[in-house]
Amino acid sequence: MSDFFKSDQVQSTIAELTALQQQLVTEMPYLNMMKPEQKKDHLVTLKSFLEKQKLFFFRISLSDDKEALEMKERLIEATKIFGVDDEMNNMDSFFEKLNETIDEIEASIDK
């Protein structure tokens, strides 16, 4: 493991992201049974998770650590699963699109 990933700050962020991800995955099977307020709480957690991912990606982008740069490239490649094409080669656009989708879902809960 490189020095970047040994950092207490990075380790703490990874642990926090992992915990949020586990919470979101655990709640997913129950979304259809949730009351509107519970769904909104789930989306708040999802937005928090997304914002922390965005900040983590930014931190990785600022690093010159080899493993961090490799992870950055893997993350960019992984966005293609979500339909990001080479023209949208901007992670800020990707995160913004995810945020917009969450906002649309949240608006549909109130209907």
Side-chain angles (χ1 to χ4, degrees):
M1 185 183 323
S2 68
D3 288 340
F4 178 83
F5 288 102
K6 289 179 185 175
S7 151
D8 289 341
Q9 180 72 28
V10 170
Q11 288 290 312
S12 174
T13 300
I14 291 171
E16 190 172 11
L17 284 168
T18 300
L20 284 170
Q21 183 177 20
Q22 288 173 342
Q23 177 185 346
L24 290 166
V25 169
T26 301
E27 292 173 353
M28 285 173 95
Y30 305 102
L31 286 174
N32 288 334
M33 296 176 270
M34 288 182 178
K35 295 177 182 176
E37 282 306 311
Q38 292 171 309
K39 289 179 180 179
K40 287 180 182 181
D41 288 344
H42 180 79
L43 291 177
V44 167
T45 304
L46 187 57
K47 283 183 178 184
S48 174
F49 178 67
L50 182 61
E51 186 61 30
K52 291 177 187 309
Q53 283 183 317
K54 183 178 178 180
L55 291 172
F56 187 65
F57 182 82
F58 182 70
R59 182 176 289 133
I60 287 173
S61 297
L62 293 176
S63 176
D64 59 357
D65 181 272
K66 182 182 176 191
E67 286 183 35
L69 294 174
E70 288 171 0
M71 177 177 268
K72 176 185 173 185
E73 289 306 313
R74 287 193 306 270
L75 290 170
I76 290 171
E77 276 300 308
T79 62
K80 293 179 181 175
I81 295 170
F82 297 101
V84 175
D85 55 24
D86 291 333
E87 294 170 12
M88 190 182 163
N89 195 2
N90 179 333
M91 288 299 285
D92 284 336
S93 297
F94 173 70
F95 284 115
E96 184 59 35
K97 182 65 176 161
L98 289 176
N99 244 338
E100 289 171 9
T101 301
I102 293 169
D103 289 341
E104 289 171 13
I105 293 169
E106 187 173 27
S108 74
I109 292 173
D110 292 326
K111 293 181 180 177

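Quick note: residue numbers are just sequence positions, from 1.
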Measure the shortest side-chain to side-chain distance between [X] and [Y] over non-hydrogen atoms and say whether it is less than 4.5 angstrom.
{"X": "Gln53", "Y": "Phe49", "answer": "yes"}
{"X": "Ser48", "Y": "Leu20", "answer": "yes"}
{"X": "Ile76", "Y": "Glu73", "answer": "yes"}
{"X": "Arg74", "Y": "Glu70", "answer": "yes"}
{"X": "Phe4", "Y": "Ile60", "answer": "yes"}
{"X": "Lys52", "Y": "Glu16", "answer": "yes"}
{"X": "His42", "Y": "Gln23", "answer": "no"}
{"X": "Lys40", "Y": "Leu43", "answer": "no"}

Using 0.5 Å steps for rounding, measure from the [atom1] atom of [X] to the [atom2] atom of [Y].
{"X": "Lys97", "Y": "Ile102", "atom1": "NZ", "atom2": "CD1", "value": "12.0 Å"}
{"X": "Glu104", "Y": "Ile109", "atom1": "CD", "atom2": "CD1", "value": "12.5 Å"}
{"X": "Leu46", "Y": "Glu51", "atom1": "CG", "atom2": "CD", "value": "12.0 Å"}
{"X": "Met71", "Y": "Leu75", "atom1": "CE", "atom2": "CG", "value": "6.0 Å"}
{"X": "Ser63", "Y": "Phe58", "atom1": "OG", "atom2": "CZ", "value": "12.0 Å"}
{"X": "Leu50", "Y": "Thr45", "atom1": "CG", "atom2": "OG1", "value": "12.5 Å"}

Next on the checklist: Is it the case that over 12 heavy atoms from other parts of the model lie below 6.0 angstrom from the CE atom of Met33?
Outcome noted: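 Yes, the 6.0 Å shell around CE holds more than 12 heavy atoms from other groups.
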
Next on the checklist: Quick one, Tyr30 with Gln38, criterion side-chain contact (heavy atoms from CB on, under 4.5 Å). Give me CA distance, side-chain angles, the key distance, then yes/no.
Outcome noted: CA-CA 10 Å; Tyr30 305 102; Gln38 292 171 309; over 6 Å; no

Checklist entry - Between Thr13 (side chain) and Gln9 (backbone), is there a donor-acceptor pair under 3.5 Å? => result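 Present.
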
Checklist entry - For the residue pair Met1 and Lys6, what are the closest heavy atoms and their distance? => result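 Heavy atoms only, the tightest pair is O-CE, 2.9 Å.
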
May I ask whether [X] and [Y] are part of the same hydrophobic cluster, defined by side-chain heavy atoms of I, L, V, M, F, W, Y residues being less than 4.5 angstrom apart, directly or through others?
{"X": "Leu98", "Y": "Phe56", "result": "yes"}
{"X": "Phe57", "Y": "Phe94", "result": "yes"}
{"X": "Phe95", "Y": "Leu24", "result": "yes"}

Next on the checklist: Do the side chains of Lys39 and Glu106 get close enough for a salt bridge, i.e. N-O under 4.0 angstrom?
Outcome noted: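 Salt bridge absent between Lys39 and Glu106.
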
Checklist entry - Step by step, would you call Ile14 with Thr18 a side-chain contact (heavy atoms from CB on, under 4.5 Å)? => result CA-CA 6 Å; Ile14 291 171; Thr18 300; 4.1 Å; yes

Checklist entry - Which is it for Lys72 and Met91 under the side-chain contact (heavy atoms from CB on, under 4.5 Å) test, yes or no, and what are the steps along the way? => result CA-CA 10 Å; Lys72 176 185 173 185; Met91 288 299 285; over 6 Å; no

